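The figures that follow rest on heavy atoms only: side chains count, while hydrogens, waters and symmetry mates do not. To find a chain, count down the sequence lines: A is the first, B the second, and so on, and within it residues start at 1. Note that this is a predicted model, so its numbers are computed, not measured.
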Amino acid sequence: MRVSKAFIPTVKETPQEAEIPSHKLMLRAGLMRKVAAGFYEYLPLGQKVILKINQIIREEMERAGAQEVLMPIMTPAELWQETGRWQKYGKELMRVKDRHERDYALGPTHEEVITDLVRRELKSYKQLPMNLFQIATKFRDEVRPRFGVMRSREFLMKDGYSFDVDDAAADKTYWIMVEAYKRIFKRCGLNFSPVEADSGLIGGSFTHEFMVLADTGEAAVAMCSSCDYAANLEKAFGNPTPHATAAAGGPFQEVSTPGKHTVEDVGALLKLPASQFIKTLVFIADGKPVVVLVRGDHDVNEVKVQNHLQAAEIALASGEKVYEVTKAPVGFAGPVGLSGVKILADKALQGGHQYVTGGLKKDIHLTGVEFGRDFAEPEWGDFRNVINGDGCPKCGKELKVGRGIEVGQTFKLGTKYSQAMKCVYLGEDGKDKEAVMGCYGIGVTRTVAATIEQHYDADGIIWPIATAPYQVHLLCLNPAEPEVAKIADEFYEKLRQAGYEVLYDDRMEASAGFKFKDADLLGFPISVRVGARGLKEGLVEIKRRREKDVAKVVVADVMNKVKEVAEVEWKFCTP
RNA sequence: CGGGGCGUAGCGCAGCGGUAGCGCACUUGGUUUGGGACCAAGGGGCCGUGAGUUCGAAUCUCACCGCCCCGACCA
């Protein structure tokens, strides 16, 4: 494609609506434009990236034995009512009525639709396993769309669903899909990690999230510095760092701590480390108050508390609620003398002595508090977030907490949907059995953003060659000089004939500097620069976007050099 | 939904009671051409929408709408 004819509207200044690098760069490099909050148009360059990711997904899905289908965006309410998700899903499920006042939902995911399809066609165990996927538009009426395409309301997703005869077969399929996912993200040139996760509303027995490691990620991930353990912070477990050294001692004492209501403030006042504190937090779970105790240097993990209580809803209590439960203002809650409330305590507190806690009175804390002696044994459990430096549950080495962008998730669903929707087959023994399901998603448009989030610098995007809109950016620096233009034209032909995807900057009106800036912004992996200055000595320049150095090559060697450089680039995208 | 910020030319911004501005982009002509060229001449605005205050509103007041950020939420 010639730049002079292409629709690639690059922008010099950062649009004010964008905050994170991928959003800024997708707008600046002309990959997309916004229509309204959470809705975007993909321009030719953006669409090319999407198509490349789709192609990688298709190849790997087929390799893993899955077949492509296409389902509608509008889905009838009855299907959602069958599984109860018409009620449970909440406002994120975009509901619409047709002219006959019939209810529909714009599909946020397609378990119901696919299960309905399969139950109508599935008769015998001989038809299994069945593994179907689609790449299609999904709609979720997000409370707060954010960060451009990272969290948008309409987005492209690959969703796949597997049906197996039994649990063992489903497990096998699940791990085949996990392997396929690893290959997909590797082929996209991403630095990612499959992490253990909480399974959430979709249900099922186990699940992995595929996280692209990037600072702007919305999810926190705990990763082992030594082995392959990695888990979403919601679920991660770590062995706590040791307690402060205090031994069991005398009775607890009241200390005056006027105006000091954080662990930090009181710790500074008493000259004690945060790990010597019991942090006491009040939650409201399904309308009832619950007190959760964690060590002063730890934070409560609400998901773990919620799962332990089997609660549908949980939230930190308001100041008034805290007063109701503890008879003290926020900051002075403690377990000693507290009654009539369920108390959960994190295991990291176990075995420690002489704790400091709130005294249930304004401006009073207690020191020398002992579990069991000064208040009844609480319900113990894992209720905290892993912190940097905790021990890995697998190998014992140090855990690190980082950020990730969730680009994919795999679930083993079991029979949750096949049971609710009677998706059964006739077994070898002549009896009806429920199919055992799995489901597998990849956010395609989010993957585009995640790729940029991981591959950019101050000048622009640095595409991996596998998903770059074009592989080679050919720049004609002096198009007004006939010899230069002629040689650049020839390279445009040769490169395309050699099978490269080439964007040819043949613009008469743009200066050389302008072309360089655009090339850096667009970020294709290889650029070939033909200019009068080089040609005087018979040289053409070849530059890799991810490197600073420029190679100067005699005209006859250009094709070989491009090939060599391309091979190096492809190594970043090879499983 | 709670908190905060912003809506003025295509983009980025200034102006904050008295004639609507700047830079970039765009059009025309000319000169240029190796890191976002220069000169000259142009075109482009319901100052988000509506009501109010005022002799007079982009500017003050109120309401609404849109967009962005933090939080809550997130198969």
Counting only Watson-Crick or G-U wobble pairs whose two distances fall under 3.5 Å, which nucleotide matches [N]?
N	value
G71(B)	C1(B)
G10(B)	C24(B)
C46(B)	none
G29(B)	C39(B)
C60(B)	G52(B)

Test item: side-chain donor near acceptor, D164(A) and Y174(A), under 3.5 Å: no
What integer distance in Å separates [X]:[atom1] from [N]:[atom2]?
X	N	atom1	atom2	result
F283(A)	A72(B)	CZ	P	11 Å
Y89(A)	C73(B)	OH	C1'	12 Å
R33(A)	C11(B)	CZ	P	10 Å
R446(A)	C74(B)	CZ	C1'	9 Å
E13(A)	C11(B)	CD	P	12 Å
R151(A)	G71(B)	CZ	P	12 Å
R144(A)	C67(B)	CZ	C1'	12 Å
K91(A)	C74(B)	NZ	C1'	15 Å

With rounding to the closest Å, how many angstrom separate the [atom1] atoms on [N] and [M]?
N	M	atom1	result
A14(B)	A20(B)	C1'	11 Å
C60(B)	G4(B)	C1'	22 Å
G12(B)	G7(B)	C1'	14 Å
A25(B)	A37(B)	C1'	15 Å
C26(B)	C68(B)	C1'	28 Å
A9(B)	C24(B)	C1'	12 Å
C47(B)	C69(B)	P	28 Å
G66(B)	U27(B)	C1'	32 Å

Pairwise 5' ranking along RNA chain B for H23(A) and E92(A), keeping only the more 5' one: H23(A)
Whichever of E406(A) and V143(A) has its nearest RNA chain B nucleotide further upstream toward 5': V143(A)
Candidate pair E112(A) and Y417(A), rule side-chain contact (heavy atoms from CB on, under 4.5 Å), full reasoning: CA-CA 7 Å; E112(A) 280 80 357; Y417(A) 292 91; 3.7 Å; yes
Expected output: side-chain Y161(A) to main-chain H110(A) donor-acceptor under 3.5 Å: yes
Salt bridge flag under 4.0 Å for residues [X] and [Y]:
X	Y	result
K552(A)	E537(A)	no
K412(A)	D167(A)	yes
R151(A)	E142(A)	yes
K422(A)	E434(A)	no

W463(A) six-ring face occupied by R546(A) cation (under 6.0 Å, within 45°): no
Nearest to the [X] side chain among [options], which nucleotide is it?
X	options	result
P15(A)	C69(B), C67(B), G12(B)	G12(B)
Q16(A)	C69(B), C67(B), C13(B)	C13(B)
E142(A)	C74(B), G23(B), C68(B)	C74(B)

Need one value for [X]: base, sugar-phosphate or nothing, where a base atom within 4.0 Å counts as base even if backbone is also close, heavy atoms only.
X	answer
M157(A)	base
F139(A)	nothing
K34(A)	sugar-phosphate

Plane angle bin for H23(A) and Y40(A) - parallel if under 30°, tilted between 30 and 60°, otherwise perpendicular: perpendicular
Under 4.0 Å protein heavy-atom contacts per nucleotide of nucleotides 27-45 of chain B, with B for base, S for backbone only and - for none: ------BBBBS--------
